> 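Encoded as C-alpha cells, here's the structure I'll be asking about.
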Amino acid sequence: MSSIMKGTTDNGPLLPVPDEDGAPFWEFAARGELRVQFCSGCHEPRFPPRPCCPRCQSFDSEWRETSGRGRIWSFVRPHPPLLPHYADQAPYNVIVVELADDPRIRLVGNLVAAPDAALDSVDPARLRIGAPVVVAFTELAEGLSVPRWLLERP
C-alpha cells in the first residue's frame with residue numbers, strides 16, 4: 001500500500017507514499033474504485049498488496065473490484081496532542097472496516113458524513129462495532145484519493 005506516510009509542506013494531511021506493490025490500489029482509488037489484490041494462482045486475497053502469495057508463493061496477481069461495503073470492526077477517537085492539521089478536528093474517529101466481500105480484509109479510515117466532510121462530521125454516539133458502512137473517496141491531492149466510509153442506510 002505505502003511504505004510511509006508523509007506530511008505536506010503546509011502542515012496539511014498525511015499523504016500515503018505508494019510503493020510498487022500498492023501503487024495499483026491508489027490508482028484505482030483515484031478513479032473511485034475499491035480494489036483488492038488477489039493471487040491469480042490460488043485466488044486468495046493479498047492484503048496488504050505484496051509481490052508473492054503467502055499461500056502458494058505465486059507471483060501472479062490481479063486486482064478485483066469489491067462491493068465497497070463492510071462493517072465497523074473497531075474504532076478509536078484520537079485526542080490532542082495531535083499533528084497540527086488534525087488538532088482542530090479532534091476528537092475525530094479512526095475506524096477499522098472489515099470488508100463484506102472478504103472479512104479477512106480490513107482497511108483503516110474515517111467515518112464521515114459525506115466524502116469531503118471533516119473528520120469530526122459524525123456524531124461519536126453513532127460509532128458502533130458492526131455498523132454497516134460503504135466506501136466513499138476523498139481527493140487529498142491531485143491524483144491521490146483515499147477511501148473514507150459512510151454509514152450505510154438499511
Side-chain angles (χ1 to χ4, degrees), residues 1-6 13-79 82 86 89-141 143-154:
M1 296 271 299
S2 64
S3 55
I4 58 172
M5 297 292 276
K6 68 175 184 176
L14 291 174
L15 300 174
V17 179
D19 60 17
E20 184 178 338
D21 298 319
F25 177 89
W26 299 108
E27 292 165 12
F28 289 119
R31 297 191 325 225
E33 298 176 22
L34 183 62
R35 290 186 180 245
V36 175
Q37 184 188 49
F38 276 78
C39 177
S40 295
C42 69
H43 308 290
E44 285 293 308
R46 286 190 215 167
F47 198 84
R50 59 198 118 189
C52 179
C53 176
R55 182 170 180 234
C56 74
Q57 287 71 52
S58 171
F59 286 90
D60 297 326
S61 67
E62 60 187 344
W63 288 83
R64 295 184 192 165
E65 191 166 10
T66 71
S67 68
R69 289 180 159 65
R71 68 177 196 93
I72 296 176
W73 186 78
S74 184
F75 67 89
V76 297
R77 290 185 54 226
H79 293 269
L82 300 167
Y86 299 94
Q89 297 181 70
Y92 55 88
N93 67 73
V94 177
I95 64 173
V96 178
V97 173
E98 179 181 78
L99 292 184
D101 300 313
D102 193 323
R104 295 173 294 173
I105 299 173
R106 296 186 182 125
L107 300 170
V108 176
N110 305 98
L111 183 66
V112 291
D116 293 323
L119 298 182
D120 63 352
S121 62
V122 172
D123 179 352
R126 299 189 71 197
L127 291 170
R128 297 276 188 265
I129 301 296
V133 293
V134 63
V135 73
F137 293 91
T138 300
E139 187 174 29
L140 293 183
L144 181 62
S145 293
V146 295
R148 289 191 176 168
W149 302 90
L150 307 172
L151 286 172
E152 188 172 38
R153 309 285 185 240

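Every value quoted in this text rests on a predicted model; they were computed, and no experiment measured them.
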> Looking at Pro18 and Ala23, what are the two nearest heavy atoms and their distance?
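In this case the closest contact between Pro18 and Ala23 is CB-CA, 4.1 Å.
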> Mind checking what makes salt bridge (Lys or Arg N to Asp or Glu O under 4.0 Å) contact with Arg106, not counting sequence neighbours?
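For Arg106 the salt bridge (Lys or Arg N to Asp or Glu O under 4.0 Å) partners, ignoring immediate neighbours, are Glu98.
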> Counting only heavy atoms not in Gln57, do more than 12 sit closer than 6.0 Å to its CD atom?
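More than 12 within 6.0 Å, yes.
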> Rounded to the nearest 0.5 Å, how far apart are CG of Leu99 and CZ of Phe47?
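If we round to the nearest 0.5 Å, Leu99:CG and Phe47:CZ are 7.5 Å apart.
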> Compare all side-chain heavy atoms of Leu111 with those of Phe75 and state whether any distance is below 4.5 angstrom.
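Leu111 does not reach Phe75 side chain to side chain.
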> Return the CD to CD1 distance between Gln37 and Ile105, rounded to the nearest 0.5 Å.
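If I round to the nearest 0.5 Å, the distance is 10.0 Å.
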> Which heavy atom of Leu82 sits nearest a heavy atom of Ala90, and at what distance?
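Where Leu82 meets Ala90 most closely, the heavy atoms are CD1-CB, 3.4 Å.
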> Is the shortest heavy-atom distance from the side chain of Trp26 to the side chain of Pro16 under 4.5 Å?
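Trp26 reaches Pro16 side chain to side chain.
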> Under 3.5 Å, which donor-acceptor pairs link side chains of residues 121-136 to any protein atom two or more places apart or in another chain?
from   : atom 1 : to     : atom 2 : distance (Å)
Ser121 : OG     : Ala113 : N      : 2.9
Ser121 : OG     : Ala118 : O      : 2.8
Asp123 : OD1    : Ala125 : N      : 3.0
Arg128 : NH1    : Ala125 : O      : 3.1
Arg128 : NH2    : Ala125 : O      : 3.4

> Using salt bridge (Lys or Arg N to Asp or Glu O under 4.0 Å) as the criterion, list what pairs up with Arg69, not counting sequence neighbours.
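Salt bridge (Lys or Arg N to Asp or Glu O under 4.0 Å) check on Arg69 returns Glu152.
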> Are any of the side-chain heavy atoms of Pro115 and Phe137 separated by less than 4.5 Å?
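No, their side chains stay 4.5 Å or more apart.
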> Flag the pair Glu27 / Arg35 as yes when at least one side-chain heavy-atom distance between them is below 4.5 Å, and no otherwise.
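No, every pair of side-chain atoms sits at 4.5 Å or beyond.
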> Nearest 0.5 angstrom please: Leu140 CG to Asp116 CG, how far?
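Spacing of CG (Leu140) from CG (Asp116) equals 9.0 Å.
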> Does any N or O in the side chain of Asn93 come within less than 3.5 Å of the main-chain N or O of Asn110, such that one atom is a donor and the other an acceptor?
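It does not hold such a pair.
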> With a 4.5 Å heavy-atom cut-off, do Ile95 and Val108 have their side chains touching?
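Counting from C-beta outward, Ile95 and Val108 never come under 4.5 Å.
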> Above 12 or not: heavy atoms from other molecules or residues under 6.0 Å from CH2 of Trp73?
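For Trp73, atom CH2 is not crowded (no more than 12 foreign heavy atoms under 6.0 Å).
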> Of all the heavy-atom pairs spanning Gly41 and Ser58, show the shortest one and how long it is.
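Closest pair (atom of Gly41, atom of Ser58, distance): N-OG, 4.3 Å.
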> Search all heavy atoms of Phe59 against all heavy atoms of Cys52 and return the closest pair with its distance.
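Heavy atoms only, the tightest pair is CE2-CB, 3.7 Å.
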> Please find the pair of heavy atoms, one from Cys56 and one from Cys42, that lie closest to each other, and give the distance.
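Residues Cys56 and Cys42, closest heavy atoms: SG-SG, 3.8 Å.
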> Side chain to side chain contact (heavy atoms under 4.5 Å, CB included), that's the test. Do Leu119 and Arg148 meet it? Break it down for me.
CA-CA 10 Å; Leu119 298 182; Arg148 289 191 176 168; 3.6 Å; yes
> What's the spacing between Tyr92 OH and His79 NE2 if we round to 0.5 Å?
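So the gap between those two atoms works out to 10.5 Å.
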> Is there a side-chain contact between Leu107 and Val96 (heavy atoms, below 4.5 Å)?
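Contact flag for Leu107/Val96 side chains = no.
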> To the nearest 0.5 Å, what is the distance between CZ (Arg46) and OG (Ser40)?
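Between atom CZ of Arg46 and atom OG of Ser40 there are 7.0 Å.
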> Could you tell me whether the side chain of His43 reaches within less than 4.5 Å of the side chain of Arg55, counting heavy atoms only?
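With C-beta onward as the side chain, the pair stays apart.
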> Work out which heavy atom in Leu14 is nearest to a heavy atom in Tyr86; give both atom names and the distance.
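Distance-wise, the nearest heavy atoms are N-OH, 2.8 Å.
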> Is the shortest heavy-atom distance from the side chain of Leu34 to the side chain of Phe25 under 4.5 Å?
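In short, these two side chains touch, coming nearer than 4.5 Å.
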